[in-house]
Amino acid sequence: MRDIKLPMSEADAKSLKLGEMVTVSGLLFTGRSRLHIRAVEDNIFPPIDYEKINCFFHVGPVMRQNGDEWEVVSCEPTSSIRFERYGADVVRKFNLRTLIGKTTMGPRTAEALKEVGGVYLTKIGLSGNALRGQVKKVHDVHFLDELGKTECTWIYEVENFGPFFVAIDADGNNYFEDLAREADAKMPEIEAELGIPEGYTYTEVNG
Amino acid sequence: MIKREVVTDAMYNAIRLGATKMPPDIRAALQRALEEELDPMAKKHLEVSLQNADLSEKGNGLVCADTGFPMFFVHAGKSTVIEGGFNTLKACAEEATARATAECFLRPTMVHPLTRKNPGDNIGPGMPKMELIFDREDDGLEIIAAPKGGGSEIFGTFYRMMFPADGEAGIKKFVIECIKDACYAGKVCPPAIIGVGIGGTADLCMGLAKKAALLRPIGAHHPDPEVARLEKELYDAARKLGIGPMGSRGINAVLAINLDIAVTHTAALPVAVNAQCLVGRRWVARIDGNGNINYTGVLENA
Ligand code: SF4
């Protein structure tokens with residue numbers, strides 16, 4: 001399995017194939033809904049060098065404070081599809097070449113990733129406990145008091161972080177959209193086997 | 001009489017164990033699914049998830065970091081007496097939740113729905129959710145703690161008021177479409193346990209779906225053979241979608257489909273769907289009349 005250095009180069013991003021499993025090493029920043037909404041609606045975002053820290057990890061980790069040090073108790077990627085309304089704007093604003101999360105993102109984010117030459121990686125199984133061991137250092141935290149431990153932005157240094165797989169490649173192809181089309185194609189046969197008449201519709205009461 | 005601190009301890013330990021251990025029937029079902037899947041990615045999803053549960057059990061980590069909505073189902077008996085009366089159960093649930101959150105067994109996830117303010121202890125109006133059910137013969141208390149993940153609740157909840165003419169075909173169409181949507185891109189973290197409520201009022205219907213998803217052990221079926229037949233037909237159909245673990249190409253979109261029913265209005269056919277994710281989190285504390293507590297991941301057959 002390939003390990004990709006962060007920040008991810010455009011060449012690396014373009015070489016990744018849909019469905020390929022990878023790990024990543026380097027610096028990343030975390031965030032969820034609040035980061036997306038505030039960055040786009042209010043132009044408030046973590047003051048970091050986005051050229052160096054260019055990987056956005058969708059997560060609300062469980063963090064424990066021991067003296068001055070922060071420890072990651074668990075970090076399970078969170079559902080990225082929730083951020084689709086803001087995803088494309090955030091990718092363009094910070095020129096993000098790596099997104100890591102759970103589920104997938106929609107066509108607008110895929111289009112933005114294609115523009116900047118970036119990819120979306122999604123989680124394999126539940127791996128929060130393995131991932132926490134791959135966080136080598138918690139470098140910094142932004143907006144902790146305002147947003148709390150789950151929604152604030154952490155800066156992690158990670159090593160062989162993953163594995164994840166490529167769910168949206170740098171050409172904007174989406175692994176899950178392909179699979180959904182396959183499932184849709186199977187539906188008529190499945191419905192027939194369940195005894196649902198062809199062309200069945202629910203009773204409509206709203207005119 | 002069961003002492004108040006015994007109840008609080010039982011609730012705390014049940015939710016802590018629920019957050020850090022995978023129930024044995026769920027683990028066995030995931031293992032079976034792993035043996036059955038063919039696609040390397042489908043297999044990898046399950047392998048990694050089972051390893052993650054091992055790590056969590058060994059290192060006191062979490063089976064999944066999103067410990068979600070704190071929920072307690074409390075079964076009481078005919079002659080159960082609690083110090084301070086049944087009213088005290090809510091306070092016990094709050095203390096147990098706050099303690100488990102402070103000790104990092106629960107992530108502070110509950111926020112105000114409008115201001116989005118996070119109190120940091122998972123407590124607020126309606127949360128933790130506690131349901132009291134009087135269905136035991138003895139003087140004990142059974143507490144089932146079920147920290148319910150966001151993915152399964154947010155992406156796995158559906159309701160439709162159908163009509164008698166929509167019939168069984170309508171129920172089946174609705175349920176199979178819900179499963180396809182819920183499992184798209186692994187939204188509810190499949191293989192999921194799908195609870196389906198049929199009948200009652202809207203809230204009763206959804207409650208049936210939720211309890212069918214959360215509180216029935218894998219392998220148990222509805223006692224009514226007609227309902228059990230529907231469960232089996234829908235289960236077989238879901239396995240043909242081509243959707244597997246975490247939304248990959250595979251067979252096991254679901255571990256089980258559990259239906260439950262209530263009588264309903266002669267003009268109505270309400271159907272609700274609620275999904276439980278692959279970690280199937282719940283842990284049971286049984287307290288006898290003398291206050292002795294016994295913890296287990298095994299549910300009594302519903
Ligand atoms: S839905 Fe997935 S991410 Fe959420 S609690 Fe369940 S297993 Fe964890």
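So that the names make sense, note that chain A is the first sequence line, chain B the second, and so on, each numbered from 1. In this text, all values refer to a predicted model and were calculated from it rather than measured experimentally.
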Chain A contact via T67(B) - which portion, at a heavy-atom distance below 4.5 Å:
neither
Is any NZ, NE, NH1 or NH2 atom of the basic residue among E189(A) and K240(B) found under 4.0 Å from an Asp or Glu carboxylate oxygen of the other?
no
Closest non-hydrogen contact found for I243(B) with A183(A) is CD1-CB, 4.1 Å
With distance as the sole test, does R107(B) use its side chain to make a donor-acceptor pair with the main-chain N or O of G60(A) at under 3.5 Å?
yes
Ignoring hydrogens, what is the shortest heavy-atom contact between F155(B) and S79(A)? Give both atom names and the distance.
CE1-OG, 3.4 Å
Considering all heavy atoms, the nearest M41(B)-G19(A) contact
CE-O, 3.5 Å
I'd like to know if the side chain of D166(B) and the backbone of T203(A) have a donor-acceptor N/O pair within less than 3.5 Å.
yes
Considering only heavy atoms, give the residues of residues 156-168 of chain A separated from chain B by less than 4.5 Å, sorted numerically, with 'none' for an empty result.
P163(A), F165(A)
Could you look at I124(A) and say if it's the side chain, the backbone, both or neither that has a heavy atom under 4.5 Å from chain B?
both
With a 6.0 Å cut-off (strictly less than), is the heavy-atom count around NE2 of H265(B), excluding the residue itself, greater than 12?
no
Is the backbone of L62(B) close enough, under 3.5 Å, to the side chain of N129(A) for a donor and an acceptor to pair up by distance?
yes
E191(A) pairs by salt bridge (Lys or Arg N to Asp or Glu O under 4.0 Å) with which of K180(B), K173(B), K172(B)?
K173(B)
